[in-house]
Amino acid sequence: MAALLTIKGLSVRFGGLQALDSLDLEAPAGAITALIGPNGAGKTTAINCVSGVVAPNSGQVGFDGRAVLGMAGYKLARLGLTRTFQNLQVFGLMNVLENVMVGMHAASRGGFAAAMLRLPLLRRQEAAIRARAEEVLAFFGLDKVAHQPAEELAYGDQKRLELARALAGRPRLMLLDEPVAGLNAAETHELGRLIVKIKEQGIGVVLVEHDMGLVMRISDQVAVLSGGRLIARGTPAQIQQDPEVIRIYLGGGEEFGLLA
Amino acid sequence: MTTQGKRFFLALAALAAVLAALPLVVTNPYYLNVLNVVALNVLVVTGLNLLIGFAGQISLGHAAFFGLGAYISGILTGTHGWEPWTALVLAAAVVALVALVIGMPTLRLEGNYLVMATLGFNLIVSVLMLQLDDITGGPSGYTGIPPLTFFGAPIATDLSFYWLAWGAVLLGLLLARNLVHSRVGRGLKALHEAPLAAAASGVPIESYKVKVFVVSAVYASVAGSLYAHYYGIITPKTFDIFKSVELVTMCIVGGMGSLWGGLFGAALLTPLPQLLAVVEEYKDIFFGGILLLLLIFLPQGLVGWLEGKRVRPGGRAF
């Protein structure tokens, strides 16, 4: 598996806190790479660096062989790198369908002048955007609420909407920041199934998640962060037996489902 | 076409029909004049609504763009003998450039620095109009602006200008509507609601903010040019910061983020100072007061309120 995403020596310091300490990580296409670790381990910081939200102090990020560190978020989206957010970032006053249509932004063309004149190219494209958005909504089981304002959706539906928006533009890599946080067991199971289906489309998935049951069930490889450092990497089976990981999670082992 | 699209075109056709019928009823030139001023305000407010209502950026300098359009058109045709339509286009281009220069540095910053920048800009433009009296005619204004022409015939009467101004409004509404219901329009709404997620979806936030600001300034400039050729005389007072506040109030009264709202806001507030002498005298207080009351009690505006639109509790009014 050739790596789609390559992170080398990524370090971030927030004031006196070393949030990330020389992190190396690779994520291939068509696989789920989980990033786990206790709160404050630097998982979200890593995702934020890759997606251009946080500027690291040093390090390199390569996407499909291209250096992308410092690139604006919208340009990354055009290259096929999208993400979801731990704290919901849906467009609350827009309806669900429009939310997903925004997700097609990177995959569509046409600026202000073309839009105001409603050129034929744009009209055709608009139909394609809508069709794709409806397809993605159906995939996530959100088609019935397509015309509701996003803010009126139940929490679990809003979480799925974030994924739908990130998937709409046919990305090559998706960074998912705690996609099942706050969901019940049934919802978590269902979303896990959908994430596997996304992977099976050949899309690379980087999954930051606290739900160890889910991580161990669906991930192809797991990277464990602690205190900003990568302390272990391997298959779910290897990680569950790694003495260092067990030590870090000691006491929390059962809670995290590591020993289950 | 979507139902939404059909509804818009039905409404636009209804508006066109009403506008076509109005001159049959309204023959008094005074009232026609009021309707013409309403049209020009609607044009500016439609552009302003794209900026405020959709992209969530506030400008307190749109009277300056309105004024620049008027003065550039006026001076080019009056002093330099340019053809009015050519002058209108050049004025719009110059205003677009000015908006670009103001917007690029300020819209990159987080927070509403645009308000301060545009406010300062409007003050500067007002001072220039007053002080450069060799060119602008100073406080007493610039006179001798020729009317626009239509295939050689001057658009000099209130009625002929009525057709021109409201035609421009219909065109302006149509272009704005197309923008709103496009990928760009969705991008503008998205960057207002959740900038991080918009960027992650591929919306170039800074560039969109600057471009929508430029577009809205061009709307104001075109309205200003039309104004200059309609009246033939322009004075600095017409384009001061109080006019900017007035425009923002019209935008908010009707309902931000609703193109029809802009129409209603302008149609409702434009005639008031002209029809009620009391309002005329305390115009600036009147508009300031309305703005204040609306933001407290009806932040979604009249059209938003009629449509049952809510504003999120604790959410941003803009």
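Chain A is the first sequence line, chain B the second, and so forth, proteins listed ahead of strands; every chain is numbered from 1. What you see is a predicted model; the values in this text were computed from it and never measured.
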Legend entry - Contacting region of A:L117 [heavy-atom separation from chain B under 4.5 Å]: both
Legend entry - Which portion of B:V203 sits near chain A, non-hydrogen atoms under 4.5 angstrom: both
Inset, instruction - Would you confirm whether A:E178, through its side chain, and A:V208, through its main-chain N or O, come within 3.5 Å as a donor-acceptor pair? - result: no
Inset, instruction - Side chain from CB out, backbone as N, CA, C, O: work out which of these in A:I129 comes under 4.5 Å of a heavy atom of chain B, or both, or neither. - result: side chain
Legend entry - Residue selection (most heavy-atom pairs with chain A, distance under 4.5 Å) from B:A198, B:P204, B:A200: B:P204
Legend entry - Flag for A:T44-A:Q86: side-chain donor and acceptor within less than 3.5 Å: yes
Legend entry - Portion of B:V214 that has a non-hydrogen atom of chain A nearer than 4.5 angstrom: neither
Inset, instruction - Against chain B, label A:V102 side chain, backbone, both or neither, depending on which of its atoms sit under 4.5 Å from a heavy atom there. - result: both
Inset, instruction - Give the member of B:V212, B:L174, B:I205 that has the highest number of heavy-atom pairs under 4.5 Å with chain A. - result: B:V212
Legend entry - Basic-acidic side-chain contact under 4.0 Å: B:K189, A:E98: yes
Inset, instruction - State, without any angle test, whether A:N99 and B:R186 hold a side-chain donor-acceptor pair at a distance under 3.5 Å. - result: no
Inset, instruction - Please check if the distance between the ring centroids of B:F65 and B:F213 is under 6.0 Å. - result: yes
Inset, instruction - Could you have a look at A:Q125, A:E162, A:R165, A:K75 and say which one has the most heavy-atom pairs with chain B under 4.5 angstrom? - result: A:R165
Inset, instruction - Please flag which part of A:F112 lies under 4.5 Å from any non-hydrogen atom of chain B: side chain, backbone, both or neither. - result: both
Legend entry - Residue selection (most heavy-atom pairs with chain B, distance under 4.5 Å) from A:A115, A:G103, A:G73: A:A115
Legend entry - Residues A:R132, A:E135: salt bridge by 4.0 Å N-O rule: yes
Legend entry - Interface moiety of A:S108 toward chain B, non-hydrogen atoms closer than 4.5 Å: both
Inset, instruction - Carefully, step by step, assess B:T46 and B:V42 under the rule side chain to side chain contact (heavy atoms under 4.5 Å, CB included). - result: CA-CA 6 Å; B:T46 300; B:V42 172; 3.8 Å; yes
Legend entry - Polar contact flag, side-chain donor to acceptor under 3.5 angstrom, B:T118-B:H62: no
